[in-house]
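Heads up, the thing below is written out as structure tokens.
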Number of protein chains: 2
Amino acid sequence: MTGIPDFIPLHELRSGCPACSLRELCLPLGLARDEMAQLDEVIRQRIPVKRGEALFRAGQPFHSLYAVRTGFFKTTLLAEDGREQVTGFHMAGELLGLDALGGTQHACTAIALEDCEVCELPFQQLDSLSREIPSLTRHFYKLMSREIVRDQGLMLLLGNMRAEERLAAFLLNMSQRLEARGFSAKGFHLRMTREEIGSYLGLKLETVSRTFSRFQADGLIKVQGKQIDLLDLNAIRSLLGACAPTESH
Amino acid sequence: MTGIPDFIPLHELRSGCPACSLRELCLPLGLARDEMAQLDEVIRQRIPVKRGEALFRAGQPFHSLYAVRTGFFKTTLLAEDGREQVTGFHMAGELLGLDALGGTQHACTAIALEDCEVCELPFQQLDSLSREIPSLTRHFYKLMSREIVRDQGLMLLLGNMRAEERLAAFLLNMSQRLEARGFSAKGFHLRMTREEIGSYLGLKLETVSRTFSRFQADGLIKVQGKQIDLLDLNAIRSLLGACAPTESH
DNA sequence: CGCAATATTGACACTCTTCAAACTTAGTGG
DNA sequence: CCACTAAGTTTGAAGAGTGTCAATATTGCG
């Protein structure tokens, strides 16, 4: 039981990876019972991260990947002149730290946007395990290539789309990912500020706010601070001009 | 000698990976002699790709990675509405196809911008080999995470920088990569059109052209069609306002 | 060498940003 | 529990930076 902090209630100790509903999002499918048990040994579960805290920061040595169990993170990149850009928002079942997998230090910073729980996957031990469980390596290849494709989709958005299209793509993406996790696809509470949305989409916060207001005036959505309700999904979709992929991550 | 086309002159057969000057860019360092020999067996070398031809296209099944041996490629992403974005330019020693590594089909299209030669690395066989050569897996992790970091640097550029900064970052990046390959850092021939540069940087071709002209008027560069000479590297660097990472890839 | 593709340049339109002020929400301490 | 403060949001007006359209010049491939 090494590495499992003792403030976790006893009954939680039994709910490791094999029982985790998010398993198929962060571990390969089709693992044998004993393989799963091996992984379960290695993974440190349910580490709490408070709102505003960093899970890791750019430049810190890389030791582990982290799977989001509950809560919501942003990852940011910091330019030398202080400009910071949000490179992603991450929710339950997603893996953080892939951009450091091959290297020695983290490239981005991961900040909790609300109180979160993560599971830690120490890379050294995963690496050893992957000799016994070849599908593990394959799984990380898949996750990393998915991350590359995701980033390229965002590049397409940043390079080609106008404010309305960007916001529409953002809302649909959130909707879809929340739905995939069993939440409502039509109403949700944004965890990030307008400024963080803007940074992610390459827009200023005022532009984000204005565009939300316009969407509301047009009857597409209802905005109440961070609470968003999508009133006309099809109309929002049509804003994309059949453009960028909404899918993925 | 399977897989090696017979139009390759005999003396080339001896110049496989162990002799290739680009080796350290596409294969892990510190391989033993016999490991290198094994890889050499698997890699199909010096496949010619003519200017304008696709090395692979988005949607095609993924079988192999490709190392650029000579020449110059662009990779593009195609949105459903026909909009296409250039996601990267790739020169000798760089690996293409990483975005498909974990999946079954290519996500982007790779087009040769001049007559090229590539080496093919069949993934199946690499995968088998990596059981005997663990550093191979690690190497691909590294390459993929580098690709993620590169893409995120571009996201930062697309999200935050203005036309002048984008062009300056582009020129410095080209200069640096060419220099690393033994070419001049100050004068080079662009292989891509203004439109392709613009697509990559999220600008219209007219803006690229205008910005080049302004740089020239300011004495920063000399432009003669696709021939670019960097006259004042420091001044170009200072345009970046100490922003985005120019490094990488 | 000739033609199509590419590049340059200008004038104008438009989107987004900037600056500023007012307003709302959430969190803190009396 | 309410007052207070800081952070976040909304909205307006003006301006900068790119995009668009169009005409002309140039390049480079066949």
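Proteins come first, then strands; the chains are lettered A, B, ... in the order of their sequence lines, and each starts at number 1. Given the structure is predicted, the values throughout are model-derived calculations rather than measurements.
Per the geometry, CD1 belonging to B:Ile197 stands 9 Å off P belonging to C:dT8, to the nearest Å. Between the P atom of D:dG19 and the CG atom of A:Asn160 lies a distance of 10 Å, rounded to the nearest Å. Look at CE on B:Met161: it is 18 Å from C1' on C:dC16, rounded to the nearest Å. As rounded to whole Å, 14 Å separates atom P of D:dG8 from atom CG of A:Leu190. What separates CG of A:Leu201 from C1' of C:dT15 is a distance of 16 Å, to the nearest Å. What separates CG of A:Leu167 from C1' of C:dC16 is a distance of 13 Å, to the nearest Å. Rounded to whole angstrom, the span from the CD atom of B:Glu114 across to the P atom of D:dC29 amounts to 11 Å. Remark: P of C:dA7 and NZ of B:Lys204 are 15 Å apart, rounded to the nearest angstrom.
A:Phe62 and A:His106 have perpendicular rings, their planes meeting at more than 60° on a 0 to 90° scale where under 30° would count as parallel.
For B:Arg162, a side-chain nitrogen or oxygen approaches OP1 or OP2 of D:dG17 to under 4.0 Å. Neither OP1 nor OP2 of C:dT6 sits under 4.0 Å from any side-chain N or O of B:Lys226.
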Please enumerate all protein N or O atoms sitting under 3.5 Å from an N or O of nucleotides 9-11 of chain C, with distances to 0.1 Å.
{"from": "C:dT9", "atom 1": "OP2", "to": "B:Ser213", "atom 2": "OG", "distance (Å)": "2.5"}
{"from": "C:dG10", "atom 1": "N7", "to": "B:Arg210", "atom 2": "NH1", "distance (Å)": "2.8"}
{"from": "C:dG10", "atom 1": "O6", "to": "B:Arg210", "atom 2": "NH2", "distance (Å)": "3.2"}
{"from": "C:dA11", "atom 1": "N6", "to": "B:Arg210", "atom 2": "NH2", "distance (Å)": "3.4"}

Could you list the protein-to-nucleotides 24-27 of chain C atom pairs, N/O on both sides, closer than 3.5 Å?
none

Atom pairs under 3.5 Å: protein N/O with N/O of nucleotides 2-7 of chain D:
none

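If you check C:dA7, D:dG19, D:dT9 against the side chain of B:Leu203, the one that comes closest is D:dG19.
Residues forming a ring pair (Phe, Tyr, Trp, His ring centres under 6.0 Å) with B:Phe72 (at least two apart in sequence, or on another chain): none. Judged as a side chain to side chain donor-acceptor pair (under 3.5 Å), and not counting sequence neighbours, the contacts of A:Glu117 are A:Arg46. For the salt bridge (Lys or Arg N to Asp or Glu O under 4.0 Å) test, no residue two or more places apart in sequence or in another chain qualifies with A:Glu206. Remark: A:Lys74 engages A:Glu84, A:Glu196 in a salt bridge (Lys or Arg N to Asp or Glu O under 4.0 Å) (not counting sequence neighbours). With sequence neighbours excluded, no residue forms a side chain to side chain donor-acceptor pair (under 3.5 Å) with B:Gln152. Listed by chain and residue number, A:Arg191 satisfy the side chain to side chain donor-acceptor pair (under 3.5 Å) test with A:Glu114 (two or more places apart in sequence, or in another chain). Annotation: side chain to side chain donor-acceptor pair (under 3.5 Å) contacts of B:Ser64 (sequence neighbours excluded): B:Glu120.
The C1' atoms of five pairs define one axis at each end of the helix from C:dC1-D:dG30 to C:dG30-D:dC1, and these two axes lie 50° apart (to 10°).
In this structure, A:Ile148 and B:Met144 approach most closely via the heavy-atom pair CD1-O, 3.9 Å.
Heavy atoms of B:Gly52 sit nowhere under 4.0 angstrom from any nucleic acid atom. Residue contacts shown for B:Gly202 are limited to sugar-phosphate atoms, with no base heavy atom under 4.0 Å away.
Residue pairs that meet the salt bridge (Lys or Arg N to Asp or Glu O under 4.0 Å) test with at least one member in residues 207-226 of chain A, sequence neighbours left out, are A:Glu164-A:Arg214.
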B:Leu190 and B:Phe170: CA distance, side-chain angles, deciding distance, side chain to side chain contact (heavy atoms under 4.5 Å, CB included) verdict: CA-CA 11 Å; B:Leu190 294 176; B:Phe170 170 75; 4.2 Å; yes

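A 4.5 Å side-chain heavy-atom check between A:Tyr66 and A:Phe73 finds every atom pair outside the cut-off.
Ionic pairing of B:Glu94 and B:Arg181 is present here: one or more N-O contacts between side-chain nitrogen and carboxylate oxygen are shorter than 4.0 angstrom.
Between B:Phe89 and B:Tyr200, the distance separating the two ring centers is shorter than 6.0 angstrom.
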